[in-house]
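Worksheet: the structure to be examined is printed underneath.
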Amino acid sequence: MPYTVKEIFRSLQGEGAQTGRAAVFLRFSGCNLWSGREEDRAKAACSFCDTDFTGGVKYPDAETLAEAVAALWPQEAEGPRLVVITGGEPALQLDQVLVDALHDRRFEVAVETNGTQPLPTRLDWVTVSPKAGTALAVTSGDELKLIFPQDGAPPEAYEGLAFRYFFLQPMDGPDQAANIQAAIARCLTRPRWRLSLQTHKIAGIP
Ligand code: SF4
């Protein structure tokens, strides 16, 4: 099936448990919680998005897209290959055929999702970032990364889910400094949670 992709690039993972690790980022277009148009933001299910996931380029099939991902990994590099599939909401397009095509090229396949749509199986790393007011279809995985604070999405609501790591990531924007302090305070009082900072922004990594 064709895939619509916003961009593919190589960088370091900036957030969560895999922070600092080299990866190819495959960013799909489109999301089910916001159209991506400013005029729709106020009534969107997710209203704090800072990502442009509109438009993009079409890839006709999984082999072509997996080949484009592999082309960005240095051919001489040893060690594990990692692709981080994100968006927009990647679960709208990610399917088993693409996961298998990436595995065929020796990639570990990680996905970062809002958790509202089912995922293919055989993924190597699943990050769920829940949004207030939405129901989770994905209730287990490797890390749950909650943007904090969110009205209607208290950390306690997610603590019973089956994830290895639980991260609070301070909401970006004009209240960021206060949000960092609030996240620190929450991690100190509820040690199940760890602090996740957007280190790529701090370090100026694209
Ligand atoms: S779910 Fe993610 S991609 Fe979709 S609007 Fe919210 S922050 Fe943006």
Side-chain angles (χ1 to χ4, degrees), residues 3-9 11 13-19 23-59 65 83-95 98 109-120 123 125-155 157-158 161 163 165-176 179-180 182-183 195-201 205-206:
Y3 305 87
T4 307
V5 171
K6 180 66 182 181
E7 58 181 345
I8 310 173
F9 58 98
S11 185
Q13 173 60 282
E15 308 171 355
Q18 306 237 51
T19 292
V24 175
F25 290 79
L26 166 55
R27 208 145 75 71
F28 280 119
S29 304
C31 182
N32 58 323
L33 299 185
W34 179 40
S35 68
R37 293 188 296 267
E38 279 306 320
E39 59 267 31
D40 296 335
R41 188 186 284 275
K43 60 176 192 289
C46 181
S47 59
F48 57 79
C49 186
D50 60 1
T51 305
D52 177 10
F53 52 74
T54 58
V57 173
K58 282 214 181 328
Y59 287 79
L65 181 50
V83 58
V84 178
I85 302 178
T86 179
E89 174 43 55
L92 299 176
Q93 300 191 66
L94 178 61
D95 58 8
L98 180 57
V109 180
V111 65
E112 298 187 352
T113 174
N114 62 32
T116 60
Q117 309 292 316
L119 293 170
L123 292 162
W125 187 271
V126 172
T127 301
V128 172
S129 184
K131 303 299 183 291
T134 65
L136 287 179
V138 183
T139 55
S140 64
D142 295 280
E143 60 184 2
L144 186 136
K145 186 173 63 184
L146 181 65
I147 306 301
F148 181 81
Q150 283 184 68
D151 284 344
Y158 303 100
L161 300 180
F163 289 84
Y165 302 103
F166 290 81
F167 284 99
L168 291 182
Q169 187 163 294
M171 177 90 70
D172 204 352
D175 299 327
Q176 188 192 39
N179 294 340
I180 290 173
L195 181 67
S196 172
L197 296 176
Q198 294 183 294
T199 59
H200 51 296
K201 293 185 180 176
I205 300 168

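Residue numbers start at 1 and run along the sequence shown. Computed over heavy atoms, backbone and side chain alike; hydrogens, waters and symmetry mates excluded. We count ligands from 1, going down the list as the structure has it; atoms in each ligand are counted the same way.
- The backbone N or O of S29 sits less than 3.5 Å from a side-chain atom of Q93, completing a donor-acceptor pair.
- Distance alone, capped at 3.5 Å, places no donor-acceptor pair between the R41 side chain and the W34 backbone.
- In this structure, the side chain of K6 engages the main chain of T54 through a donor-acceptor pair within 3.5 Å.
- At distances below 3.5 Å, at least one donor-acceptor pair connects side-chain atoms of D142 with backbone N or O atoms of V126.
- Side-chain atoms of T116 and N32 include a donor-acceptor pair closer than 3.5 Å.
- Around atom 4 (Fe) of ligand 1, the protein atoms of type N, O or S that sit closer than 2.8 Å are C31 SG.
- No donor-acceptor pair closer than 3.5 Å links the side chain of E143 to the backbone N or O of Q18.
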